[in-house]
Amino acid sequence: VPLLWRMKRSSSRVIEVCMKPSSTTREEDLRSAVERMLENRSLSYRDGPIPVPSDDPFLLENIKRIQICDSDEWEQNHKVLLFWQVKPVVHVYQLSEEGPGEELSGDGVLASFNEWMLPAKEFDGLWESLVYETGLKQRLLRYAASALLFTERGVDPCLYHSFTWPPGTGKTSLCKALAQKLSIRFKSRFSQCQLVEVNAHSLFSKWFSESGKLVAKLFQKIQEMVEEESSLVFVLIDEVESLAAARKAALSGSEPSDSIRVVNALLTQMDRLKSWPNVIILTTSNITTAIDIAFVDRADIKAYVGPPAVQARYEILRSCVQELVRTRVVTPPQVAQLLGETMGASVSPEVGGSADPISKLLLQVAEECKGLSGRSLRKLPFLAHAALTSPYCDIIKFLHALEETARREI
Ligand code: ADP
């Protein structure tokens, strides 16, 4: 038995512990307290939040949320975690409430980049709210973790690239959520994490002489950040296609030669950053074809994220409807339980016949929403609600309204 026990415990599970903003306790103390608490419990938990034990005043005073995190193994484990089977890896963190520090461009109007201390309050729960094909998020997380390890060991460093079309598929959110996740998971190695969000479009919508100065200023700032060894820096360049377009136009001679100098300066600066082990560059683009080879070539990881598949559409809609049930805009209560189940547990497209009527109806709506982006799907419940005659209604009526709204949108 002890051998079996040890073997089984060799698989580990990530537990994220979010501290209360008011807590001033040391993270190590909280980590040990949570580990002790987990050791003492032989309960099984699903992926998601675990209640903070009400009989533990220390944990109650300091912890906002304890969360078991998703993993691929998870799926095979039927989403149930038995604590005696696994070794919990506990990450304790406190959210930064500082908000974005905005950097204004030359004329003081257009923000060319935002700066965030991670993990940030604003990105709390973002990772969990994004639904993609099974394994995509975990794959990205593992890639990025490997990249960090590689650079630490002196293997050729990493530039990270995630792209997609059409817009609204969550690529910007995914980059931010990934940075947030990594900042939590790598807390023990990097005591400070920052995200610099550069809007490539605003960087280049100005005259190029101005852009040159902005690029220089931006990278000088990033340089200062990465020089701090204990700091992990994420640089998110959104809408990178505007840079690529500028470069292409310059090459074909239709743009002033100034522009090519600026774009090339940016590429050189990005290359220079590669020698630092503590920086990850994430870029997004709405168009796959327009991405200049100079950018694609530099990327170590590229991900295409298309519109959500039926399972993801169902999940997105389910989470929105569940929120409306939770806030009692939509009734009745027993439905909340039905919707609380994940798709795999309550209904799946293959075995739709055995599902309860509400899940079936929701699945029907999800099927009809083919081609809609994650952003449009998230808006659907609000549009459906606006079309109702009364602000509160039962779930069946609401789902029919949702279906009608979906048809109209499509
Ligand atoms: P993009 O950068 O691709 O234009 P954003 O990251 O700006 O998209 O996402 C827009 C909104 O749509 C966000 O609020 C996000 O939560 C939502 N969204 C998009 N795709 C998904 C998805 N797959 N799962 C959940 N939410 C999504």
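Since this is a predicted model, take the numbers as computed values, not measurements. Both counts, for ligands and for their atoms, begin at 1 and track the order of listing.
Residues that satisfy the salt bridge (charged side-chain N to carboxylate O under 4.0 Å, His left out) test with K64, not counting sequence neighbours, are D124. Residues satisfying the ring pair (Phe, Tyr, Trp, His ring centres under 6.0 Å) test with Y132, not counting sequence neighbours, are none.
Annotation: G170 places an N or O atom under 3.5 Å from an N or O atom of ligand 1; distance criterion only.
When the heavy-atom distances from atom 11 (C) of ligand 1 to R375, K171, K379 are ranked, the shortest goes to R375.
Using a 4.0 Å cut-off between charged side-chain N and carboxylate O, R407 and E403 make a salt bridge. For R318 and E315, the salt-bridge test passes: some basic side-chain N is under 4.0 Å from an acidic carboxylate O.
At a heavy-atom distance under 4.0 Å, no atom of P308 approaches ligand 1. Heavy atoms of I316 found under 4.0 angstrom from ligand 1 belong exclusively to the side chain.
Within the structure, the closest approach of T169 to ligand 1 falls below 4.0 Å when heavy atoms are considered. At least one heavy atom of S129 sits under 4.0 Å from some atom of ligand 1.
Q180 is not listed as a side-chain neighbour of L126, based on a closest heavy-atom distance of 4.5 Å or more.
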Please lay out, stage by stage, how E27 and K187 fare under the test salt bridge (charged side-chain N to carboxylate O under 4.0 Å, His left out). CA-CA 10 Å; E27 285 167 14; K187 193 94 217 296; 3.1 Å; yes
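Near V131, meaning under 4.0 Å from one of its heavy atoms, ligand 1 places the atoms 22 (C), 23 (N), 24 (N), 25 (C). Listed by number with element, the atoms of ligand 1 under 4.0 Å from a non-hydrogen atom of S173 are 5 (P), 6 (O), 9 (O), 13 (C), 15 (C).
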